[in-house]
Structures are given as C-alpha cells and as structure tokens.
2 protein chains.
Amino acid sequence: MRRALHILDTTLREGEQFAGAFFNLEQQIAIARMLDAFGVDFIEVPSPISAPRIREAIEHLCALGLRARIVTHVRCVEADVEAALATPVAGVNLFYGTSPELRSYSHGKRIERIIADAVPLIQRIRAAGRYVRFSAEDAFRSDLVDLLTVFDAVVEAGVERIGLPDSVGIATPRQVERIIRLCAERYPQVGIEFHGHNDSGCAIANTVAAYEAGADCLDVTVLGIGERNGIASLSGLVAQLYLHYPETLQQRDLRQLAPLDDYVAQCLHLPIPFNNPITAPYAFTHRAGVHTRAILNNPRAYEILNPADFGLERRVDLGSRFTGSHAVA
Amino acid sequence: MRRALHILDTTLREGEQFAGAFFNLEQQIAIARMLDAFGVDFIEVPSPISAPRIREAIEHLCALGLRARIVTHVRCVEADVEAALATPVAGVNLFYGTSPELRSYSHGKRIERIIADAVPLIQRIRAAGRYVRFSAEDAFRSDLVDLLTVFDAVVEAGVERIGLPDSVGIATPRQVERIIRLCAERYPQVGIEFHGHNDSGCAIANTVAAYEAGADCLDVTVLGIGERNGIASLSGLVAQLYLHYPETLQQRDLRQLAPLDDYVAQCLHLPIPFNNPITAPYAFTHRAGVHTRAILNNPRAYEILNPADFGLERRVDLGSRFTGSHAVA
Ligand SMILES: O=C(O)CCC(=O)C(=O)O
Ligand SMILES: O=C(O)CCC(=O)C(=O)O
Ligand SMILES: [Cu+2]
Ligand SMILES: [Cu+2]
C-alpha cells in the first residue's frame, strides 16, 4: 500500500540559497502562512546556528500554530543539532554528503565517520521527542554500497525518514525510479524523501518518478528557486499530481498557488518564468489559429488543466501574428 | 542500431505562437544563422500561406545557404501544400489532429477522412522531390488504434518521418517511452519525431525519453518558448545530451547556446528564465557555505556541466545571506 504523500516546501531554506534571494521576517511569515493554507505538510527552514536572524525567524514561524510542521535543515554536527533542539521546531532534517565528490572535495570524511557522526545525533533527536530525517546528499552520484551502508545504519539508529537528494541535478527519471524503489523495498519501516535539482531540466519528472517508485515526501520550492537554476517547483508538482494523482490534492487549496507564486516573484523582483506550469502569465493563453478556434468550441481541445480550479482564467489571443490573413498556424 | 539524432528547432514557428512573440525579418535571419552555427538539423518555419510576410521570410531563409534544412509546418490542405511547394523549402511537415478532442472540437474529421486528406498530399510532396513528415497532433490523447491506423497509411504513402507531438503537455516519460518504442518497432523504415509541451513540467524529460525509445528527431525552441507555457528548450535538451549522450553533440557548437538564448530573450523583452539549464543567469553560481567551500576545492563537487564548454563562467557568491556568522547552510 502506498503511504500518504507529504509535500515539503523548502523555499525558506533551499529557496534562500538562490542567488540574490533574501526573505525578511515579514516575508518569511507571509510565505509560511500561504504554504500552510495551500496545505504543504512540512516547511523547511535553515539551521538556527547559521545566523541569529534565522533563529529568531524559526521562533516566530513555530509560534504561528500552523498545521504544517516546521523542520530545520541541519549538518551532522553536535552544536548545530543542539541549537536546533533549543528551538520549538517539530523536527530536524540532517544531511551528509555521501558521494565520492562530496567526500573528497567538501567534508573529507569516510563512510564510517559519516555513520559515527550521524547515529548519536539521530538518537539524541529521537530522545528529545522530535521528528528526524537523514539525507544522503548527492545520493545519485554515491556508490550504492556506500549509500546503503549509511542508510542501514541510520535506519537502525531510528531515523523516521531517509532522504535521497539529487543535489547536482544529474539523475534521470529511470535512475530515480530504480534507486528509490530499491530503498522503498529495503526500508519498509521508514519514509523516503526526494529532492531534485534542475540542472539538466528534469527536476519535476524526477520528483514524480520518485513518488511512483515509493517516495512519500517530495521537496519543492515556490517557483522552483534554489541553488544554481533551482529545484522542482510547487506548481510543477501540482500540475503533475492534478493530472495523474488527483487524490493527493484533496486536502489542498489549489487557489493558493497563484498568490504564492506572485508573492515570491515579487519578493525576488523576478517575473514568474514563462515556462512555469499553471501560474506562468500565458499558461492558459491560446494563440495559433487552429488552437483558438478549437478552444472557443471546447477548452478541453488544448487544455488539460482547468484554470478555474486554480482561480485563474483562460485567454484567447485573437489578435495573432497572422491577423489579416488565414489563421492557419 | 540507433539512427543519428536530428534536432529540429521550431523557434520561428512554435516559438512565434508564444503570446506576444513576433520576430521581424532581421531577427528571423539572425536566429536561423545562430541555430545553423550551433548545428541544428532542421529549422521549422510557419506555413507560407499564413501571411505574405511569412512567405517572404521563407524565401530569405532558404537563400542563406544554411546547412540546416528549412522545413515548413503545413496543414493537410492542398492549397497550403501547393503554397509550400512554390517556395524553395527542403521539406514539408504536415500535421493533423488525431485525438478525440481535436477531432471533435477542432476539425471535426473522422480517421478515414484524415487519411484521405493526407495520403495524396504526401505523394505530391514526394513527387516534388521534397522531404515530407506527417505528425499526429495530440498523439498522446489519441486512441492507439486510430493513431496506428493513420500512421500505417501515411507510412505506406511514402512519408519519410512520422511525428508524435504531445500537443497539450500531458504525457509522462514512461508513456512516451512506451508509445515511441512501439512505433519504432512497427515502422523501422521511417524516422520518428517527438515534440513535447511543458504544461505539466516534463517537456525535457519526455523529449529525452522519446530519444531513448527510438525517436531520431527531437523538437525544441530557443528558451522553450511556444503556445501557453512552451515546449522543451534547446538548452535543456543540450544539458541532457551533454550528460548522457555526448556523442550526439560532437558536430555542434555549444558556444552558440548562450548568444542564442540571450538574443531571443532580448527579442521578446523577457529575461532568460532562472530555471533554464546552462544559460540561466545563475546556473553556475554557488551560494550556500558548504557549496562554495567545496566548489573552491573542486568545481565537480557541485557541477555536472563545465561552464567553460559553453563559453560561460562560474561564480562563487561569497557574500551570502549568512555573512558574519558560520557559513553552514
Ligand atoms: O537535505 C536534503 O535532502 C537536501 C539538501 C540539498 O539541498 C541538496 O542536497 O540539494
Ligand atoms: O507538427 C507537429 O509535430 C507539432 C505541432 C505542434 O506544435 C503541436 O502539436 O504541439
Ligand atoms: Cu538542494
Ligand atoms: Cu507545439
């Protein structure tokens, strides 16, 4: 049986890693409230030890009494975990690079050391009565033996969910499916999270592939902002779920998507990218002659998402580039 | 054995269907020259019957003597085909909606009528010594029997390639793989083209899935512009091929990508979307503390594409949101 789908929004953590992104407290609160009204299950925030303003923001966000659980993204370092536990967060998302690239060029630690660092922290967080997840950063460039050795140990230590981030955006839907399925079969007792970067343009497809293979928690950000060219967008994930898994959206308010995307775009002084599903300015604008005629007959001709379900409207662009002649494009 | 991969760029046709897009002759020529310098195999243009300015543009583009073949996108209507053959285009890309939605709400024709319209036009184009392709518009909402009945007839009539467009952006990588593979096996004597819209965010993944299943011609536009929220972008496809099928890029000049994306963005008065692979303004900018440190050790830590291969440079954003404290994001 498939577990219930959890959506984790990391706009306030991964999103703030986007070049130039910075959300002040008022913006952080507004974003969290809208995410909660939409119905995300987790809101991820940075590590409180990273800056006093982050610690203060976490206190404020936790005090809002949202249904969404606030989880903080924390290195496997004792001081960082203690700082996290000193805040009222619902849980701690630990991460540690397991690929040869990150072990060589980032932290320089061997697999045994990763396990030795992670296990007591997981036990500590469980003992404090908080939710704990452990992610193998750069999972898709990690050696399978290394990856499973680390997961075996953290699952044994009592982690509640394991995470497989495609940290560099190299994975393909088939590879995601294969590795997630393997983990879902090996670790039936824990949840599985996926986080997909978009460097090669497949973040949304990879995220859906992870769900189909057994992941029960999917990471997104509003508009897909994040390091480099970002991760899967909330609107992209929603478009997929709407088409293929509508039951996963039953408890969510789709009319929050457009205000959320608009608000974050405004905070960043960026337009919503024209290629964004659902909320792009022209996502429901029809232009070619053969398209506009058919749409006027019945929108289903060229529309698979009903704009009204998102509080949006379709536009039919009759003043086309071919005005004055046959509209045959 | 896999056929050689052909890239078809349809910026001048599909791209001009993007809301607000309009390329004047100078821009059309500049875009075509850059696409040719990059090394696309086909440049698709609108139907010459659609407007005098289009017919004139086609004459100019054909006179440039590009290596890329100019093909025109034409309805299965005799007058349209004759107008196409009156220009010096290398070939004609026919299309006809085969899904129940398009048959009901767009053209109102039955399958037999589609075949009766298409077959003589295919023969006419072949007799004129031009390349001819036939696309089943909205292939992924078409009934499989209808789709194969139409393809059987057009292949028998001598078409050189069949096209399967996901015209409404509903397909998933697995579905694309299944249907393309089935067609590749059933029609080994012709080429297979795929064209993927991005309504649900999987255009690039679907395009790569089509290639893996046996398609030998993939449609893209510069930046992914097109009807509604567009189709697969050239940069997205290139990122995928670079990582997984580098042999398909051997004859192409990757340094043309950035100028192309910049130029088209400028023509449209739009920024390059921040989520675009390779050419987005921050695609090679690293921000989080753990990322920047590792990148300074070795860029491969968080980079799977080498910016230098595209004539671009990496940036390491040291003035992060956490300045003044531990950089631990
Ligand atoms: O902790 C995670 O699962 C994700 C961390 C991250 O942003 C990444 O690896 O890209
Ligand atoms: O002719 C084709 O293959 C593509 C036509 C088109 O733009 C579409 O169906 O989306
Ligand atoms: Cu990330
Ligand atoms: Cu199209």
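Chain letters run A, B, ... following the sequence lines, proteins first, then strands; residues in each count from 1.
- The side-chain contact (heavy atoms from CB on, under 4.5 Å) search around A:Ser99 returns A:Glu101, A:Leu102, A:Asp138, A:Arg141, A:Ser142, not counting sequence neighbours.
- Of the atoms belonging to A:Tyr242, not a single heavy atom falls under 4.5 Å from chain B.
- Note: A:Ile49 CD1 to A:Asp80 CG = 4.5 Å, rounded to the nearest 0.5 Å.
- Comparing A:Leu223, A:Leu296, A:Leu305, A:Leu237 by how many heavy-atom pairs each has under 4.5 Å with chain B, the most go to A:Leu223.
- Heavy-atom distances place no part of A:His197 under 4.5 Å from chain B, backbone and side chain included.
- For chain B, no part of A:Ser235 is nearby; none of its heavy atoms comes within less than 4.5 Å.
- No close placement of the A:Tyr302 and A:His286 rings is indicated, their centers lying 6.0 Å or farther apart.
- In terms of heavy-atom pairs under 4.5 Å with chain B, the best-connected choice from A:Ala203, A:Ser167, A:Gly20, A:Gly230 is A:Gly20.
- Contact annotation for A:Ile231: neither backbone nor side-chain heavy atoms come within less than 4.5 Å of a heavy atom of chain B.
- For chain B, the nearby parts of A:Ile225 are the backbone and the side chain; heavy atoms of each come within less than 4.5 Å.
- Taken from OG in A:Ser233 to CD1 in A:Ile278, the straight-line distance is 8.5 Å, to the nearest 0.5 Å.
- Proximity to chain B (any heavy atom under 4.5 Å) is restricted, for A:Pro271, to the side chain, taken from C-beta onward.
- Side-chain atoms of A:Glu16 come within 3.5 Å of backbone atoms of A:Phe23 as a donor-acceptor pair (strictly under, hydrogens ignored).
- Ranked by non-hydrogen atom pairs under 4.5 Å with chain A, the options B:Gly169, B:Ala239, B:Ala283 are led by B:Ala283.
- Residue pairs satisfying the salt bridge (Lys or Arg N to Asp or Glu O under 4.0 Å) criterion with at least one member in residues 221-236 of chain B, sequence neighbours excluded, are listed as follows: B:Asp199-B:Arg228.
- Ranked by heavy-atom pairs under 4.5 Å with chain A, the list B:Ala205, B:Ala19, B:Pro281 is led by B:Ala19.
- Checking A:Glu212 against A:His244 by side-chain atom types alone, no donor-acceptor pair falls below 3.5 Å.
- Of the candidates A:Asn275, A:Asn198, A:Asn229, B:Asn275 forms a side chain to side chain donor-acceptor pair (under 3.5 Å) with just one, namely A:Asn275.
- With A:Asn298 contributing its side chain and B:Tyr105 its backbone, the two residues share no donor-acceptor pair below 3.5 Å.
- Of the atoms belonging to A:Arg174, it is side-chain heavy atoms, and not backbone ones, that fall under 4.5 Å from chain B.
- Taking A:Glu303, A:Glu137, A:Gln240, A:His107 one by one and counting their heavy-atom pairs under 4.5 Å with chain B, the maximum is reached by A:Gln240.
- Contact tally against chain A (heavy-atom pairs below 4.5 Å) for B:Ser106, B:Gly97, B:Ser104: the top residue is B:Ser106.
- Taking chain A as the reference chain and counting heavy-atom pairs below 4.5 Å, the highest number among B:Ile304, B:Ile204, B:Asn297 is found for B:Ile304.
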